[in-house]
There are 2 protein chains.
Amino acid sequence: MALDAESSIPLHIQLSELLKGEILQGTIKEKIPPERVLMELYSVSRSTVRRAIAALISEGILESRRGSGTYIYNRPLEEWLGNLVTYNKTIDDLGMKPGAKLLSQGVVASTQELKDITQMDELYLINRLRLADNIPIAIETQYYPVNIGKQLSKFNLDEIVLYEVLESSLGIKLWEADQVISSTMPTKEEAQLLDILECESVLVIERSTCDYDGNLVEYLRGIFRSDMYAFRIKLGRNKL
Amino acid sequence: MALDAESSIPLHIQLSELLKGEILQGTIKEKIPPERVLMELYSVSRSTVRRAIAALISEGILESRRGSGTYIYNRPLEEWLGNLVTYNKTIDDLGMKPGAKLLSQGVVASTQELKDITQMDELYLINRLRLADNIPIAIETQYYPVNIGKQLSKFNLDEIVLYEVLESSLGIKLWEADQVISSTMPTKEEAQLLDILECESVLVIERSTCDYDGNLVEYLRGIFRSDMYAFRIKLGRNKL
DNA sequence: AAGTGGTCTAGACCACTCT
DNA sequence: GAGTGGTCTAGACCACTTG
């Protein structure tokens, strides 16, 4: 529990990693001890404590409230998933209501392609049609590790937002995502489900999402009607 | 030139903004003064100087080298444009060579759509076909403010990378970009140029890029063959 | 050897929140 | 009023780069 002053690793880094570990393991729950307590606890100066905390704040793990304390930050998912999931070009503008229809679910054996991506032999599949005012928008196929999928299946899959369930009920924190956007022609079945012609193009998004430890939590493949959806990305020079 | 100790704005913020201004205006060139000099210059402690500098480092404006000094950071464009421009799914793998063919260029009057996006009545258009080993990959239509476009036109437009010219020769630093990816069917002309069938879908990317002051530098519209290109985005929770 | 950034301490005052 | 985070100072030692 103590820091090593002889180590070549700076004290503020050691403390920062130590705190991060306790937060991610759940040893520290809602609020971290006050700076002056941490100072005595680990026998370092307040500047060093503050530097360790500052690092975790910029990592999005902590949030400090002046006069009150420093809290574990549960950033609303939308703040980053909003960038990541999908930008809905028209639905918001038109004030349409989102919905979903479950097509199929259950444990499936991995195809070779799925095995390459997920490194798992079995996956839990959830296949849904996403709607806006009952107009089909996208076909979303999600694959989860079997144990996670079975827990998810107990919830109402006609709701769209599985991410809230993952986080609040199952305690799984999504952390990083890698997504690829491409375009293709729909199959006959896909065209039928989306209520479009086979000659109309669709957008394809493939996304792998991991938790903090790098474990794959979800692999998603979505087929989007190109007349209803576009993806938007904002980037700045300072963001890596 | 002095900081206001009575201000409600923290000293490290004041100093940080002051330095940023001098860097972006070019008053400070390659290297900023040592911390101990800034300390005396603005009558603040070294911690305050370091905090101001730290902020600029995390903004990607400065870079410090131990034992040597703190330098203005010219991050290689690819480090962030790589995320932003396009991810080439197959070309790298196949070891193909990129090229470009100029289709047309010159000053054009804005259509209503262009006027909405750029707020300009006239634009300089550069229209090019992008190739990989002489296979057509994409049609890229770029619009620049007329004065910038005329300068760009003096360079060899069969080269692909205009961004390096913008930065090193014209001194324009790209800073932020907003891009939208969608999908559609090509027109007859587009299909012909790309050497695909009219019934094959294409990816459409529309991107506005601004400089540090928020002035639009480029508006780009690209039509990509969907069998040759996909866009890749990596996102993490900590990045805004 | 001199100069630079990197780390760390001890102590101070302020503005804010909570009760 | 007690406790919290936010700001700032003055001074120290270290590791590294450069002439």
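Labels below follow one simple rule: chain letters A, B, ... track the order of the sequence lines, proteins then strands, and each chain is numbered from 1. The analysis underlying the following values was restricted to heavy atoms, covering all of them including side chains, and did not include hydrogens, waters or symmetry mates.
Phosphate proximity of C/dT9 to A/Thr48: present, with a side-chain N or O under 4.0 Å from OP1 or OP2. Put simply, B/Arg51 has no side-chain N or O that comes within less than 4.0 Å of OP1 or OP2 on D/dC8. In this model, the phosphate group of D/dT4 is not approached by any side-chain N or O of A/Thr70 to a distance below 4.0 Å at OP1 or OP2. Dashed line: the shortest gap from a side-chain N or O of B/Ser68 to OP1 or OP2 of C/dG5 is not under 4.0 Å.
Distance OH (B/Tyr71) to P (D/dC16): 17 Å, rounded to an integer number of Å. Atom CD1 in B/Ile9 sits about 15 Å away from atom C1' in D/dG6, given to the nearest Å. The distance between atom CD of B/Glu40 and atom C1' of D/dT9, rounded to the nearest whole Å, is 14 Å. What separates CD1 of B/Ile13 from P of D/dG6 is a distance of 12 Å, to the nearest Å. One can place CG of B/Leu3 at 14 Å from C1' of D/dT7, the figure rounded to the nearest angstrom. Straight-line distance from the CZ atom of A/Arg66 to the C1' atom of D/dG3: 14 Å, rounded to whole Å. Rounded to an integer number of Å, the gap from CZ of B/Arg50 to P of D/dG11 is 18 Å. Rounded to whole Å, atom P of D/dG6 lies 11 Å from atom CD of A/Glu63.
Among the protein residues, A/Ser47 comes within range of the nucleic acid bases, having at least one heavy atom under 4.0 Å from a base atom. Among the atoms of the strands shown, only primed sugar atoms or phosphate atoms (P, OP1, OP2) are found under 4.0 Å from some heavy atom of A/Ser43. Using a 4.0 Å heavy-atom distance criterion, A/Arg46 is classed as a base contact.
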Could you please spell out the steps behind the ring-ring contact (aromatic ring centres under 6.0 Å, His included) verdict for B/Phe231 and A/Phe231?
CA-CA 11 Å; B/Phe231 293 87; A/Phe231 293 88; over 10 Å; no
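Remark: the backbone N or O of A/Gln142 is not paired with any side-chain donor or acceptor of A/Glu218 at under 3.5 angstrom. Between the A/Glu140 side chain and the A/Arg130 main chain, no donor and acceptor come within less than 3.5 Å of each other.
Nearest approach of B/Tyr229 to B/Leu203, heavy atoms of both residues: O-CD1, 3.6 Å. Between A/Glu6 and A/Asp4, the closest heavy-atom pair is N-OD1, 2.9 Å.
Position along DNA chain C of the nearest nucleotide to B/Gly69 versus A/Leu11 favours B/Gly69 as the more 5'-ward residue. In terms of position along DNA chain C, the nucleotide closest to B/Val37 lies nearer the 5' end than the nucleotide closest to the other residue of the pair B/Val37 and A/His12.
With hydrogens and angles ignored, a donor-acceptor pair under 3.5 angstrom links the side chain of A/Arg36 to the base of D/dG5.
With distances taken from any side-chain atom of B/Ser45 to the nucleotides C/dA10, D/dA10, C/dG5, the minimum falls on D/dA10.
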